Amino acid sequence: MSFRPVPAASPTPELVGRLRSQTNSHTADARQRVFAVHPGLAGLLPDAGLRAGSAYSLDASGALMLALLAEPSRAGLWCGAVGLPELGAEAAGQAGVALDRLALVPKPGQRWLSVVAALTEVLSVIAVRPGSAVRPADAARLAARLRDREATLLVVGEWPRAEAVLRVDAPHWSGVGEGHGRLTAREVTLSVVSRRAPRPRSVRLLLPGPDGRLGTVAPSVPAVGRLEAVG
């Protein structure tokens, strides 16, 4: 695998050129209007996926962010993470992210906005934790660039005029017995509020499941009482 950390504060022209040459064979895929997501998430998003040219706000980094990067990367699209030094290759791989399609800029400093803008040239889905407050004018300029390059932004934190806000609540870990054992899965409620569907949509998911990836929760089946003849 060619997991690609990018330690520089800003992507160099050489890096951008190398990534562009490696993504040329996927240009047609990268120009799709909607990038695929896990089926468990599709019903919550207004386009049943991540719309190219849009930004999405996540309440935290971690399993949800990795789950959103997993499907596009496995489809052959290049993805990236900016300002997330805690993100490791092992966790990303367990979550299903194709590591040979993932570039990292862990510490962009105060130039994170220009780093993201540069990466839209070559990456289809970019996760970022902003290193400073975002001015509406800067967000508007980046939004125009996202639309022009047909890239999608996943923002850890608030973002002006985000296409949708995704929030994880009510976590419940399983796998621990009576005071001992190993945590195997976390069941959560994922809620999504979008600009086009302001009424919240929510679903219970495994995030992560026992295999480290997003999983669906089987609906509970109500118990049916047994009828006994009285005679």
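Not measured: the values here are computed from a predicted model. Note that these values count all heavy atoms, side chains included, but never hydrogens, waters or copies made by symmetry. The first residue of the sequence shown is numbered 1, and numbering continues consecutively from there.
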* Asked: Checking side-chain contact (heavy atoms from CB on, under 4.5 Å) for the pair Leu146/Thr152: CA distance, chi angles, key distance, verdict?
  -> CA-CA 7 Å; Leu146 291 171; Thr152 294; over 6 Å; no
Provide the closest heavy-atom pair for [X] versus [Y] in the form atom of the first, atom of the second, distance.
| X | Y | answer |
| --- | --- | --- |
| Ala127 | Met65 | CB-SD, 3.7 Å |
| Gly93 | Leu99 | N-CD2, 3.9 Å |
| Trp173 | Ala185 | CE3-O, 3.1 Å |
| Leu66 | Ala91 | CD1-O, 3.8 Å |
| Asp59 | Arg167 | OD2-CG, 3.3 Å |
| Pro130 | Val156 | CD-O, 3.5 Å |

* To do: Start with the C-alpha gap between Val125 and Tyr56, add the side-chain angles, then the distance that decides, and say whether side-chain contact (heavy atoms from CB on, under 4.5 Å) holds.
  => CA-CA 11 Å; Val125 183; Tyr56 296 80; over 6 Å; no
Distance, nearest 0.5 Å, that separates [atom1] of [X] from [atom2] of [Y]:
| X | Y | atom1 | atom2 | value |
| --- | --- | --- | --- | --- |
| Arg161 | Ser54 | CZ | OG | 11.0 Å |
| Leu102 | Leu87 | CG | CG | 6.5 Å |
| Arg141 | Leu113 | CZ | CG | 8.0 Å |

Are [Y] and [X] connected in a single hydrophobic cluster, I mean Ile/Leu/Val/Met/Phe/Trp/Tyr linked by side-chain heavy atoms less than 4.5 Å apart?
| X | Y | result |
| --- | --- | --- |
| Leu41 | Val193 | no |
| Val165 | Leu190 | no |
| Val203 | Leu58 | yes |

Is any side-chain heavy atom of [X] closer than 4.5 Å to a side-chain heavy atom of [Y]?
| X | Y | answer |
| --- | --- | --- |
| Leu50 | Leu68 | yes |
| Cys79 | Arg101 | no |
| Leu205 | Val168 | no |
| Arg33 | Glu150 | no |

* Asked: Where do Arg129 and Glu86 land on the side-chain contact (heavy atoms from CB on, under 4.5 Å) test, with the steps shown first?
  -> CA-CA 11 Å; Arg129 179 189 288 129; Glu86 74 278 10; 2.7 Å; yes
* Structure fact -> Partner of Leu154 under side chain to side chain contact (heavy atoms under 4.5 Å, CB included), picked from Val128, Leu69, Leu166, is Leu69
* To do: Mark yes when over 12 heavy atoms from residues, nucleotides or ligands other than Arg135 sit less than 6.0 Å from its CZ; otherwise mark no.
  => no
* Asked: Crowded around Arg74 CZ? As in, over 12 foreign heavy atoms under 6.0 Å?
  -> yes
[X] side chain vs [Y] backbone, donor-acceptor pair below 3.5 Å:
| X | Y | result |
| --- | --- | --- |
| Arg186 | Leu207 | yes |
| Thr189 | Arg204 | no |
| Ser194 | Ala164 | no |

* **Verdict with supporting geometry, Leu45 and Arg51, side-chain contact (heavy atoms from CB on, under 4.5 Å)** => CA-CA 9 Å; Leu45 297 171; Arg51 190 183 358 164; over 6 Å; no
* With sequence neighbours excluded, what pairs up with Arg201 under the side chain to side chain contact (heavy atoms under 4.5 Å, CB included) test? -> Leu44, Ala197
* To do: For salt bridge (Lys or Arg N to Asp or Glu O under 4.0 Å), just list the numbers for Glu121 and Arg145, CA-CA rounded to whole Å, side-chain angles, deciding distance to a tenth of an Å, and then say yes or no.
  => CA-CA 9 Å; Glu121 293 280 349; Arg145 191 173 183 88; 2.9 Å; yes
